[in-house]
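All remarks here apply to the structure that follows.
Position 1 is the first residue of the sequence, and the numbers go up from there. Keep in mind it's a predicted model, so treat the numbers as computed, not measured.
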Amino acid sequence: MEIIGINGDKGNISSNIPFITKPYQISCLFFDIDKNYFKIEIIDADKNFKSKLFKGMNYFQNSASIMFPPFRYDINDFLDSIDENEMNDIYGGVYGLTNDIGAFYNGIFCNDKIITIFFNQEIIKFSSLAIHGFKPIGLKFKVTKAEKNVIYELNDLPALDVIEDYIGEIKQKNIDSFLHPFCVYHKGYESLASIKNIDRDKKYITFYKYIYEGENIRITMPSNQNSIVNYLDETLKNIDCDGLFMFSCVGRYAYYKELISFEIAKVSEVIDKPIAGFLTYGEIGSNNINTKSILQNQTMNLVFFKVLK
C-alpha cells in the first residue's frame with residue numbers, strides 16, 4: 001500500500017458527512033491499481049525541479065501528475081514553462097506556510113519537497129475544473145513594482161494607497177476572513193489571489209501567490225453560496241467520472257466557514273462518486289475542462305478521474 005497526503009492544519013475533505021473532517025481525523029480515497037500504471041517520486045523544490053518532473057511525465061506515453069508542492073516554491077514559473085499543447089495534465093494542491101505542515105509518503109514527512117504521482121492515462125484519464133464564485137469588477141490596476149508574492153506599487157504608486165483609495169480601508173478581520181481576493185491576469189488566464197497581510201508603514205500588500213510586474217489585477221465581488229450551489233448543480237451534471245479529488249483553498253473555509261460543507265455536499269450529490277481531498281494554500285488545475293492548468297487561489301479545484309481499462 002502506498003499512502004500519500006498532507007497533514008493540513010484545517011482538516012480534510014471527504015464525500016461522507018460531515019464533509020470537512022476534524023483535524024484529528026483523516027479521509028482516504030483508496031485506489032486498487034496495478035503498480036505498472038503509476039509512479040511516485042519525491043523531488044527537491046530546486047532549480048532542477050522542472051527537468052525532473054518532465055522526465056517523470058515521460059515515464060508513460062500519456063501521463064497525468066497529481067503533485068503537492070510547498071508554498072515557498074514558485075509553481076507559477078513552472079506552469080508557465082509548459083507549452084499549452086504539450087502538457088496540460090498537471091493537478092494538485094500547495095501545502096504548508098509553516099514547517100509543521102507538510103506532505104507525507106509512506107510515513108516520510110517533508111516540508112520542502114514536491115511529492116508527485118504520475119498516472120498512466122491510457123488506464124486512468126484525468127481532467128479538472130476550478131470554481132470560486134468571485135467576479136472581477138471595476139478598474140484594472142497595473143503591477144509596476146513587485147517581488148515574489150509582494151506588490152509594492154500599482155500604477156507607479158504605493159499599492160496599499162491605490163487600493164484603499166478605491167475600496168476603502170482594508171481591515172485585518174477582513175483579511176483573516178479572505179474577503180478581498182483579487183483577480184490576476186497572468187499569461188492570458190484569470191485566477192484569484194488572496195491577501196495574506198498588509199504593511200501600513202511601507203504601503204505594500206502580500207498575497208498567497210506570486211504576482212509579477214506588468215500584470216494587471218482587479219478587485220472582485222463574491223457570489224452568494226446559493227448561486228455557487230446552483231452553478232455546481234448545472235455544471236457538474238454532465239461530468240462522467242469514477243471519482244474525484246477536491247483541493248479547496250483554506251480561504252474558502254475562512255470565508256464560508258461551516259457553510260463550505262454545503263458546496264462539498266452538492267458536488268457529492270451531483271457526481272455521486274467517492275471524493276477525497278484537503279484544504280490547500282494554492283490549487284493547480286484548469287478554469288475549464290481540458291485547458292491548461294494554472295495556479296489558482298481561493299478556489300475549489302475538482303480533479304476528476306475515469307477508469308478506461
Are [X] and [Y] linked by a side-chain donor-acceptor pair shorter than 3.5 Å?
| X | Y | value |
| --- | --- | --- |
| Gln172 | Asp176 | yes |
| Asn224 | Ser227 | yes |
| Ser286 | Ser128 | yes |
| Tyr37 | Glu122 | no |
| Asn197 | Thr206 | yes |
| Gln296 | Asn287 | yes |
| Lys39 | Thr116 | no |
| Tyr255 | Gln298 | no |
| Asn301 | Glu283 | no |

**Asked** In the hydrophobic cluster built from side-chain contacts under 4.5 Å, what are the other members alongside Tyr212?
**Response** Tyr210

**Item:** Residues clustered with Val150, ILVMFWY side-chain links under 4.5 angstrom
**Value:** Tyr152, Tyr204

[X]-[Y] aromatic ring centre distance below 6.0 Å:
| X | Y | value |
| --- | --- | --- |
| Phe182 | Phe207 | yes |
| Tyr281 | Phe247 | no |
| Phe49 | Tyr73 | yes |
| Phe178 | Tyr208 | yes |
| Phe126 | Phe119 | yes |
| Phe104 | Phe109 | yes |

Below 4.5 Å, heavy atoms only, C-beta onward: do [X] and [Y] meet side chain to side chain?
| X | Y | answer |
| --- | --- | --- |
| Lys145 | Leu154 | no |
| Ile289 | Ser127 | yes |
| Thr220 | Lys135 | no |

**Which residues share a side chain to side chain donor-acceptor pair (under 3.5 Å) with Asn36, sequence neighbours left out** =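 Per chain and number, Asn36 pairs via side chain to side chain donor-acceptor pair (under 3.5 Å) with Asp34.
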
**Asked** side chain to side chain donor-acceptor pair (under 3.5 Å) with Tyr256: which residues, sequence neighbours excluded?
**Response** none

**Asked** After noting the C-alpha distance and the side-chain angles of Asp44 and Lys113, does the key distance pass the salt bridge (charged side-chain N to carboxylate O under 4.0 Å, His left out) rule?
**Response** CA-CA 5 Å; Asp44 289 327; Lys113 307 285 187 182; 2.2 Å; yes

**Message:** Between Asp272 and Ser268 (side chain of the first, backbone of the second, donor and acceptor by atom type, cut-off under 3.5 Å), is there such a pair?
**Reply:** no

**Request:** Would you name the heavy atoms of Asp89 and Met57 that are closest together and state the gap between them?
**Result:**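 For Asp89 versus Met57, the nearest heavy atoms are O-CE, 3.9 Å.
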
**Message:** How close do Leu308 and Gln121 get, counting heavy atoms only, and between which atoms?
**Reply:**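 Here Leu308 and Gln121 meet closest at CD1-O, 3.4 Å.
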
**Asked** How would you list, by chain and number, every residue that makes a salt bridge (Lys or Arg N to Asp or Glu O under 4.0 Å) with Lys203, sequence neighbours excluded?
**Response** Asp161

**Request:** Using salt bridge (Lys or Arg N to Asp or Glu O under 4.0 Å) as the criterion, list what pairs up with Asp112, not counting sequence neighbours.
**Result:**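 Asp112: no salt bridge (Lys or Arg N to Asp or Glu O under 4.0 Å) contacts found.
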
**Prompt:** Got a second to check how far Lys171's NZ is from His180's NE2, nearest 0.5 Å?
**Reply:** 9.0 Å

